[in-house]
Amino acid sequence: MYSIIYTVLLTATLIFLMWKKEEEESIFPLKIIGYYLLGSFAFNFDELSIPLGFIVYLLFFRPKLNVKVKRMAAIIGVVSFVIGHWITPSVVQHWESRPINIEHTLGSVYELNFQEEFELVKDELDLESQLVMLENFNVDYLQDGEVTGMDWQLIGHDGTSYQLYQVRYEIGKDRYQVTQSKVQSWLQYDRLIEAGNFFEHLNVLDVKELTKEKGDYHSYVIQSSGERMNVDVESEGEKYFLSNEGIEVLEDKWLPAEGNHIIAYAMKKTSEQKDQNGNVTQESFEGVESSIYLFDVSYGED
């Protein structure tokens with residue numbers, strides 16, 4: 001629609017300029033179109049567009065007939081350049097990267113269906129027909145099951161560019177906020193897990209049980225980078241094999257192994273600082289009681 005309106009206005013403007021000629025001149029309509037094209041000609045250097053045609057017009061063109069009309073045609077050309085190469089891409093980028101808010105209330109992490117959370121976001125973003133990969137999933141929660149933070153990133157690829165969706169649950173506002181951006185490359189894309197596969201396996205975890213096994217701590221974390229992970233006998237933490245059928249201990253005899261992963265651990269407070277009024281101003285934590293859950297596993301040789 002925008003392109004049709006733009007074409008109509010441009011055509012009408014050029015016709016108007018042709019009517020404004022002050023002196024007789026051969027092939028005048030073609031010259032007006034030529035001056036317009038010259039003014040709109042762009043030179044692209046890396047990602048920067050320069051109005052080279054208009055610069056050439058200013059430096060080298062000195063018409064003797066219909067000077068004002070030709071100057072106007074060149075100016076309209078450079079205005080078209082500015083709209084097409086500077087203003088429109090900026091407006092489109094701003095519109096496409098606008099935050100999208102998805103109203104939704106999270107309950108206890110112990111009752112959370114992670115796959116349904118992903119499907120909710122995917123539906124709102126209209127990603128049903130697109131394969132999206134997952135990166136940097138993270139959920140923080142307290143021992144009573146209260147979620148204190150949850151975020152992840154989805155990456156889609158349309159064959160020419162990559163669309164990034166940064167998903168973050170806003171505690172206190174009861175909503176997901178999704179910010180979007182487009183980039184030309186994403187080096188680790190082929191190493192990432194398909195998002196649906198990740199959330200399907202995450203749903204197998206019994207979060208309440210694994211939290212109980214870790215003991216009483218300040219808070220707890222479940223996370224994944226989205227990439228495959230190598231695990232051997234010396235890798236820190238308990239090791240498990242995760243499948244749709246359940247969870248099994250990954251014994252040392254099966255190591256080393258590589259697979260998609262989910263890591264769960266507790267956050268232990270190591271120190272804190274207080275002000276003169278006894279208010280805590282700074283706290284330090286360390287991750288303890290870690291456990292690694294592998295799925296889609298391939299086993300190495302000793």
Side-chain angles (χ1 to χ4, degrees), residues 98-158 162-181 189 192-214 219-229 240-248 259-266 291-297:
R98 74 195 187 283
I100 296 175
N101 295 320
I102 305 171
E103 303 297 329
H104 181 64
T105 301
L106 285 182
S108 168
V109 71
Y110 301 138
E111 301 174 355
L112 202 59
N113 187 313
F114 290 100
Q115 193 164 11
E116 289 183 358
E117 297 299 311
F118 165 62
E119 293 292 339
L120 169 68
V121 173
K122 186 174 71 169
D123 290 346
E124 289 291 334
L125 297 177
D126 195 22
L127 298 176
E128 286 297 323
S129 60
Q130 185 175 352
L131 179 69
V132 288
M133 316 305 277
L134 176 133
E135 187 174 45
N136 296 334
F137 174 87
N138 191 88
V139 59
D140 302 271
Y141 62 97
L142 303 178
Q143 192 171 32
D144 63 3
E146 178 186 354
V147 177
T148 58
M150 184 161 68
D151 56 86
W152 68 85
Q153 185 165 271
L154 300 174
I155 302 97
H157 184 41
D158 61 8
Y162 296 86
Q163 188 74 26
L164 276 59
Y165 305 89
Q166 293 180 325
V167 183
R168 180 171 62 90
Y169 189 80
E170 294 190 309
I171 305 298
K173 295 184 178 180
D174 291 339
R175 69 184 187 189
Y176 284 105
Q177 184 174 87
V178 184
T179 56
Q180 308 173 69
S181 59
Y189 178 82
L192 296 176
I193 185 173
E194 191 273 319
N197 183 27
F198 172 81
F199 284 101
E200 180 181 350
H201 283 87
L202 179 59
N203 241 18
V204 176
L205 287 183
D206 187 338
V207 179
K208 189 171 186 178
E209 182 62 27
L210 73 83
T211 303
K212 181 180 178 181
E213 291 175 355
K214 295 184 186 307
S219 60
Y220 305 84
V221 178
I222 298 174
Q223 65 180 205
S224 176
S225 68
E227 297 188 35
R228 294 178 69 83
M229 179 181 188
Y240 299 92
F241 171 70
L242 185 65
S243 72
N244 292 331
E245 299 177 357
I247 303 172
E248 300 178 13
N260 292 309
H261 72 281
I262 299 169
I263 297 177
Y265 57 91
S291 50
I292 303 170
Y293 300 85
L294 289 184
F295 56 99
D296 300 332
V297 179

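Numbering starts at 1 and runs along the sequence shown. Remember, it's a predicted structure, so these values are computed and weren't measured experimentally.
The list of salt bridge (Lys or Arg N to Asp or Glu O under 4.0 Å) pairs with a residue in residues 202-211, not counting sequence neighbours, is empty.
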Working for side-chain contact (heavy atoms from CB on, under 4.5 Å), residues Tyr165 and Val121: CA-CA 10 Å; Tyr165 305 89; Val121 173; over 6 Å; no
Check against side-chain contact (heavy atoms from CB on, under 4.5 Å), His201 and Ile193: CA-CA 11 Å; His201 283 87; Ile193 185 173; 5.8 Å; no
Stepwise side-chain contact (heavy atoms from CB on, under 4.5 Å) check, Ile247 with Leu210: CA-CA 11 Å; Ile247 303 172; Leu210 73 83; over 6 Å; no
Tyr169 vs Val139, side-chain contact (heavy atoms from CB on, under 4.5 Å): CA-CA, chis, key distance, verdict: CA-CA 10 Å; Tyr169 189 80; Val139 59; over 6 Å; no
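Once rounded to the nearest 0.5 Å, the distance linking OG of Ser224 with CE of Met229 reads 9.0 Å. Leu131 CG to His157 NE2: the interatomic distance, rounded to the nearest 0.5 Å, is 10.5 Å. With values rounded to the nearest 0.5 angstrom, Ser291 atom OG is found 10.0 Å from Ile262 atom CD1. Taken to the nearest 0.5 Å, the CG atom of Asn138 stands 11.5 Å off from the OG atom of Ser225. If you take CD1 on Ile222 and OG1 on Thr211, they are separated by 6.5 Å, rounding to the nearest 0.5 Å.
Of all non-hydrogen atoms in Tyr189 and Met133, the two that sit nearest each other are CE1-CG, 3.3 Å. Taking all atoms of both residues into account, the shortest heavy-atom contact from Leu142 to Ser219 is CD2-CB, 4.0 Å. The shortest non-hydrogen separation linking Lys214 to Ala264 is NZ-O, 3.5 Å. Of all the heavy atoms in Gly156 and Val132, the pair that sits closest is CA-CG1, 4.1 Å.
Within a 6.0 Å sphere centred on CG of Asp158, other residues, nucleotides and ligands contribute more than 12 heavy atoms.
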Donor-acceptor pairs under 3.5 angstrom involving side-chain atoms of residues 103-119: please list them, not counting sequence neighbours.
| from | atom 1 | to | atom 2 | distance (Å) |
| --- | --- | --- | --- | --- |
| His104 | NE2 | Glu117 | OE1 | 3.0 |
| His104 | NE2 | Glu117 | OE2 | 3.1 |
| Ser108 | OG | Tyr110 | N | 3.1 |
| Tyr110 | OH | Gln143 | O | 2.6 |
| Asn113 | OD1 | Gln115 | N | 3.1 |
| Asn113 | OD1 | Glu116 | N | 3.0 |
| Asn113 | OD1 | Asn203 | ND2 | 2.8 |
| Glu117 | OE1 | Tyr176 | OH | 2.6 |

Distance-only donor-acceptor pairs under 3.5 Å for side chains of residues 145-154, two or more places apart:
| from | atom 1 | to | atom 2 | distance (Å) |
| --- | --- | --- | --- | --- |
| Thr148 | OG1 | Asp140 | O | 3.2 |
| Gln153 | OE1 | Gln166 | NE2 | 3.1 |
| Gln153 | NE2 | Glu135 | OE1 | 3.0 |

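Using a 4.5 Å cut-off on side-chain heavy atoms (C-beta onward), Ile102 and Arg175 make no contact. By the 4.5 Å heavy-atom criterion applied to side chains, Val207 and Tyr220 are not counted as neighbours.
Applying the salt bridge (Lys or Arg N to Asp or Glu O under 4.0 Å) rule to Glu227 yields the partners Arg191; only residues at least two apart in sequence or on another chain are considered. Remark: Val297 pairs with Phe241, Ala257, Leu294, Tyr299 by the side-chain contact (heavy atoms from CB on, under 4.5 Å) rule, at least two apart or across chains. Under the rule for a side chain to side chain donor-acceptor pair (under 3.5 Å), the partners of Gln177 that lie at least two apart in sequence or sit in another chain are Asn101.
The aromatic rings of Tyr240 and Tyr293 lie parallel to each other, their planes meeting at an angle below 30°, with 60° marking the opposite boundary.
The main-chain N or O of Pro99 is never found under 3.5 Å from a side-chain atom of Thr179 such that the two would form a donor-acceptor pair.
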